[in-house]
Amino acid sequence: MTQLRYDPSEIEPRWQAIWAEEHTWEVANDNASGRPRSYVLEMLPYPSGEPHIGHLKVYSVGDAIAHFRRRRGAEVLHPMGYDAFGLPAENNALATGEHPRDSTNTSIASFQRQFRDWGISIDWSRELSTADPRYYRWTQWIFVELFKAGLADRREAAVNWCPHDQTVLANEQVIDGRCERCGHEVEIRQLEQWFFKITDYAQRLLDDLGALDWPEHVKTMQRNWIGRSEGAEVDFHQPELEIDYPVFTTRPDTLFGATFFVMAPEHPDVARLAAGTPDERAVHEYINHALTASNAERGATDKPKTGVPLGRHVINPVNGEAIPMFVADYVLMEYGTGAIMAVPGHDQRDFDFAEAHGLEIRRVIEGDELPYTGDGPLVNSGDFDGLPNREAKDQIVSWLQAADRGKGVVQFRLRDWLVSRQRYWGCPIPMIHCPSCGIVPVPEDQLPVLLPDVEDYAPKGRSPLAAAEDWVNTTCPACGTPAKRETDTMDTFVDSSWYFLRYCDARNDDAAWDPQVLAEWMPVDQYIGGIEHAILHLMYARFFIKALADLGHLSFQEPFAALFSQGMITRDGAKMSKSRGNVVSPQSIVERYGADTARSYILFIGPADQDADWSDDGVEGVHRFLSRLWRLAAEIAETGDAEPPPTDPQGADLELLRKAHWAIEKVTHDLDGRFAFNTAISAVMELTNDCYRLRTQVAPGVLRFALATGASLIFPFAPHAGADAYERLTGARVWEEPWPIADPALLERETYELVCQLNGKVRDRLQVPTGLGEDALKELALAAPHLRSHLDGLQVTKVIVIVGKLVNVVAR
RNA sequence: GCGGGCGUGGUGGAAUUGGUAGACACGCCGGCCUUAGGAGCCGGUGGGCGAAAGCCCUUGGGGGUUCAAGUCCCUCCGCCCGCACCA
């Protein structure tokens with residue numbers, strides 16, 4: 001026997017060189033091939049240091065899908081780029097003085113090298129980096145487009161401020177009151193900042209989720225984040241100040257149960273209201289305390305409900321009652337109107353506050369013990385008494401509307417997207433502040449506004465760009481007088497909200513894209529990424545597409561038709577991290593076993609959408625399998641025996657041919673929309689095992705066919721080994737071969753095992769010919785020896801026959 | 001608290017439409033080959049009783065529907081994720 005050793009370190013670079021030299025994975029926009037198009041995309045990587053195991057997983061999944069679709073006849077766009085702006089590179093610059101551009105380029109080079117080492121089938125001709133002026137020129141163009149459309153504006157608002165990173169953050173980037181990036185507690189500051197009006201799209205972002213082929217939990221997370229609630233705005237009149245204070249409520253049916261009124265400590269009128277009342281001093285003290293309390297402290301829901309009286313009253317519009325006003329920190333300024341009507345009888349929070357402060361608790365809906373939040377008929381509600389509360393909602397809103405004291409409204413939890421950052425390494429906001437003209441966009445022909453070099457990256461609460469005086473000082477494009485550039489940079493989520501468009505037309509220097517070209521590829525047919533972007537990136541990108549479509553730049557409404565969300569790879573049950581010391585680097589696995597093993601193992605470990613724990617022993621198993629497949633294929637190829645399989649196979653020949661066709665069917669089904677990579681790989685393992693088991697009993701042509709089929713089927717997961725084994729066996733390039741199709745005749749068996757049950761328990765198994773009908777099967781089962789021995793003394797009452805599966809005899 | 005997911009051998013997992021539970025792989029045990037094996041090939045491996053044939057038990061616990069339940073329903077327990085004073 002020849003001494004053939006599976007050596008990925010020899011095989012893999014050889015095939016990678018061919019793919020690179022021949023530009024195998026590049027696709028053109030002219031659609032000369034006439035094939036159906038498919039856009040397969042993994043989320044844009046942030047290049048920091050080396051790729052980690054999560055990158056290996058996402059590209060192993062994406063590449064398997066891309067290869068499968070190509071061989072099923074599609075022209076597949078599968079590009080790559082880098083989300084190259086961002087804080088880590090800048091923080092590194094602070095520590096080392098190395099320019100973020102240089103450290104980022106080092107990281108990009110490492111990512112490029114490893115993606116090639118992994119053999120990912122990428123169209124490198126469309127590669128992009130968001131920090132490249134040729135790219136961010138168009139990011140700036142989009143910003144200006146949104147500005148012109150009134151969808152980008154600069155305004156003062158209470159915003160999240162990270163004292164560590166010295167910058168503001170979007171709501172989505174604050175997790176449990178802490179900065180998503182550095183984990184420091186976030187403060188609330190009143191600042192003038194740039195916003196994108198994503199709230200204008202709240203309803204559409206919600207409505208259009210329905211048609212997306214996305215995991216249900218991701219859609220649910222977006223729905224929760226958008227947070228639509230229907231209710232009413234009701235005006236409560238304050239007689240001394242003669243001001244109407246609107247409140248938002250989802251329960252207008254409980255309006256008669258409002259026994260007090262609460263304002264958020266941040267409400268701008270609180271100080272005015274308290275002025276001159278005996279409570280003024282207490283109110284000031286309370287506000288000071290509430291506003292200086294940390295987020296975490298204030299956000300705790302289990303703490304007692306604090307608050308103080310404002311010394312004033314408002315009038316309940318439905319019954320004219322004067323109810324006392326309070327300031328309390330359980331009311332949030334950022335939701336609704338910053339003030340609420342409190343209905344302690346039917347709201348747990350208002351109930352807690354009323355109990356703590358000895359306030360009246362009134363029942364207005366019949367039902368269980370108070371606080372009662374269920375449904376029921378109204379009581380103590382004037383003319384509305386007796387009405388079921390759900391009906392009363394509409395009627396009370398109508399009454400308010402007629403009386404001009406309120407109206408039905410819809411509230412969203414979604415806030416506008418805060419996009420300015422007081423940091424260096426980001427896309428400059430292309431705006432100019434002119435003393436006479438105000439805010440003026442940089443004209444399109446002057447884009448890009450290049451990011452200047454600076455000496456000092458240290459954040460000082462204002463952008464480091466402000467120090468670049470030559471850059472900051474400019475002239476107003478409108479009036480020509482001296483003016484200053486905007487010094488904030490954009491949130492890096494802006495960069496990644498449109499990169500998938502640029503891939504389609506990546507080398508276009510005249511426009512961000514040609515809408516015609518985009519229409520050919522977009523939307524992305526299969527998007528793949530981690531659950532951590534369920535809200536942030538996926539919501540922002542959806543907003544961008546809708547806004548750009550409204551501006552006439554796009555002809556579609558959603559960026560990602562289908563989404564696959566891959567699970568995390570853990571080790572010893574915990575997320576891999578340097579501090580835990582449980583990191584498995586993809587590079588070390590690739591060096592030791594080869595890329596094919598690394599990729600196949602990560603898909604074999606379990607369902608790709610679930611978290612999975614890394615096991616060093618498991619890698620060995622997959623490596624053993626690839627080695628077995630390749631080795632037998634290489635051995636058989638060396639025999640030079642190339643006779644075709646027999647036309648009328650029998651015995652072992654038939655058995656192995658059947659197994660091969662079974663594997664084709666299984667892998668195809670598992671890949672076709674099911675993403676069941678683990679079971680697909682196990683099917684090829686079974687085929688390989690049978691090749692070994694039957695190799696001395698089958699005709700050479702049959703073994704050759706079975707092995708070539710295995711090589712062909714494993715190719716999407718282990719492209720180098722698959723291509724190598726296939727070429728040795730057939731002389732052909734596997735990626736140029738169509739995906740195999742199972743022969744239906746070989747999927748059917750002549751006999752099968754009929755399970756014979758008595759009262760649901762398996763008592764016998766019979767080999768029966770395929771095609772027997774119910775009556776024949778019933779007879780065979782009743783005659784089955786082991787079943788019969790259990791039938792003594794029993795009366796058969798019923799026989800259930802499932803043709804092709806089993807017979808269940810029911811007897812008492 | 002609300003919403004979602006999950007719970008199967010010693011381990012990762014399979015079971016696609018209610019129809020043979022445990023595919024495939026790891027680990028372990030045995031055999032072959034070998035000067036040698038951390039290589040390779042072949043076989044065994046859910047638990048209990050049994051010499052064997054075989055029988056009984058088994059998908060987190062309990063209950064139900066059904067000829068038949070890992071799968072459907074109810075209930076309890078445990079773990080994970082998201083949201084969380086959103087009026």
Side-chain angles (χ1 to χ4, degrees), chain A residues 1 3 5 175-176 215-225 227-229 231 247-251 254 262 264 298-303 305 328-332 334-343 346-350 352-353 411-414 531 534-535 567-568 573 601 604-607 609-622 624-625 627-628 631 666 669-670 674 676 678-686 688-689 692-693 695 753-765 786 789-790 797-802 804-811:
Chain A
M1 205 180 269
Q3 294 298 310
R5 195 172 67 88
I175 313 290
D176 292 333
E216 208 47 52
H217 67 283
V218 176
K219 295 201 220 180
T220 303
M221 282 168 74
Q222 291 217 349
R223 285 193 189 103
N224 289 344
W225 189 262
R228 183 184 198 272
S229 53
V247 300
F248 175 72
T249 178
T250 54
R251 296 295 306 273
T254 64
V262 191
R298 197 179 150 181
T301 52
D302 48 354
K303 75 176 170 90
K305 298 255 177 304
D329 69 1
Y330 81 92
V331 175
L332 309 174
E334 57 270 23
Y335 187 78
T337 62
I340 61 156
M341 67 174 204
V343 183
H346 303 282
D347 180 283
Q348 182 68 50
R349 297 152 303 174
D350 297 342
D352 294 344
F353 189 85
Q411 272 284 331
F412 292 96
R413 205 190 79 110
L414 183 69
I531 190 68
I535 293 167
M568 197 174 45
Y601 172 62
F604 180 71
I605 191 169
D609 60 346
Q610 285 171 31
D611 290 352
D613 207 53
W614 182 270
S615 148
D616 290 337
D617 292 338
V619 189
E620 295 273 1
V622 171
R624 205 170 297 158
F625 152 66
S627 177
R628 273 162 65 82
R631 197 155 19 84
K666 172 79 179 150
H669 183 253
D670 284 351
R674 224 177 143 236
N678 55 333
T679 51
I681 292 168
S682 82
V684 187
M685 287 176 170
E686 286 192 48
T688 305
N689 289 345
Y692 272 84
R693 187 170 57 84
R695 69 183 189 274
E753 192 179 68
L754 180 75
V755 170
C756 304
Q757 295 181 328
L758 175 61
N759 293 328
K761 282 184 179 166
V762 180
R763 292 303 182 191
D764 217 332
R765 295 160 200 267
H786 287 114
S789 66
H790 285 87
T797 56
K798 201 174 178 184
V799 180
I800 314 276
V801 182
I802 308 294
K805 293 263 181 190
L806 58 77
V807 174
N808 188 13
V809 177
V810 185

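Keep in mind that the numbers below use all heavy atoms, side chains included, and drop hydrogens, waters and symmetry copies. Quick note on labels: first sequence line is chain A, next is B, and so on, each numbered from 1.
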For a quick check of understanding: with a heavy-atom distance under 4.0 Å over all strands, which category does A:S615 fall into, base, sugar-phosphate or nothing?
nothing
Sugar-phosphate only, base, or nothing, as touched by A:G227 at under 4.0 Å among non-hydrogen atoms
nothing
By the 4.0 Å heavy-atom rule, please label A:R763 as base, sugar-phosphate, or nothing.
sugar-phosphate
For A:W614, enumerate each residue passing the ring-ring contact (aromatic ring centres under 6.0 Å, His included) test, keeping only those at least two apart in sequence or located in another chain.
A:Y601
Applying side chain to side chain donor-acceptor pair (under 3.5 Å), can you list everything that pairs with A:R631, at least two apart in sequence or on another chain?
none
With sequence neighbours left out, the residues meeting salt bridge (Lys or Arg N to Asp or Glu O under 4.0 Å) with A:E753 are A:R765
Who pairs with A:K666 by salt bridge (Lys or Arg N to Asp or Glu O under 4.0 Å), at least two apart in sequence or on another chain?
A:D670
Per-nucleotide protein contact string for nucleotides 32-51 of chain B (B base, S sugar-phosphate only, - none; heavy atom under 4.0 Å):
--------SSSS--------
Can you name the residues that form a side chain to side chain donor-acceptor pair (under 3.5 Å) with A:D352, not counting sequence neighbours?
A:Q348
Once each nucleotide of nucleotides 5-22 of chain B is scored for protein heavy atoms under 4.0 Å, what B/S/- sequence comes out, 5' to 3'?
-------BSSSB--BB--
Separation of A:D347 atom CG from B:rC2 atom C1', in whole Å?
14 Å
How far does the P atom of B:rG46 sit from the matching atom of B:rG10, given to the nearest Å?
11 Å
Side chain to side chain contact (heavy atoms under 4.5 Å, CB included) partner of A:N808, the single match among A:V801, A:L758, A:I800, A:I802:
A:I800
Consider the side chain of A:T220, meaning its heavy atoms from C-beta on, and name the nucleotide among B:rA87, B:rA23, B:rG3 that approaches it most closely.
B:rG3
Nearest heavy atom decides the nucleotide; on that basis, is A:V622 or A:S229 closer to the 5' end of RNA chain B?
A:V622
OP1 or OP2 of B:rG54 less than 4.0 angstrom from a side-chain nitrogen or oxygen of A:H786, does that happen here?
yes
Tell me, what's RNA chain B's dot-bracket, Watson-Crick or G-U with both distances under 3.5 Å, | for other-strand, [ ] crossing?
(((((((..(((......[....)))((((((.......))))))((((....))))..(((((..]....))))))))))))....
Quick one: side chain to side chain contact (heavy atoms under 4.5 Å, CB included) partners of A:K761, sequence neighbours excluded?
A:R763
Measuring to OP1 and OP2 of B:rC55, would you say a side-chain N or O of A:H790 lies under 4.0 angstrom away?
yes
Short side-chain N/O contact from A:R413 to OP1 or OP2 of B:rA84, under 4.0 Å
yes
B:rG7 and B:rG61, which share atom name C1', separated by this distance in whole Å
12 Å
Would B:rG9 be called syn or anti, given that syn covers angles within 90° of 0?
syn
Nucleotide of B:rG82, B:rA87, B:rC85 approaching A:M221 most closely (side-chain heavy atoms):
B:rG82
Taking only residues two or more places apart in sequence or in another chain, which ones pass side chain to side chain donor-acceptor pair (under 3.5 Å) with A:R693?
A:E655, A:D690
By side chain to side chain contact (heavy atoms under 4.5 Å, CB included), A:Q411 pairs with (sequence neighbours left out) A:S229, A:F248, A:Y335
For A:R413, which residues count as a side chain to side chain donor-acceptor pair (under 3.5 Å) partner, sequence neighbours excluded?
none
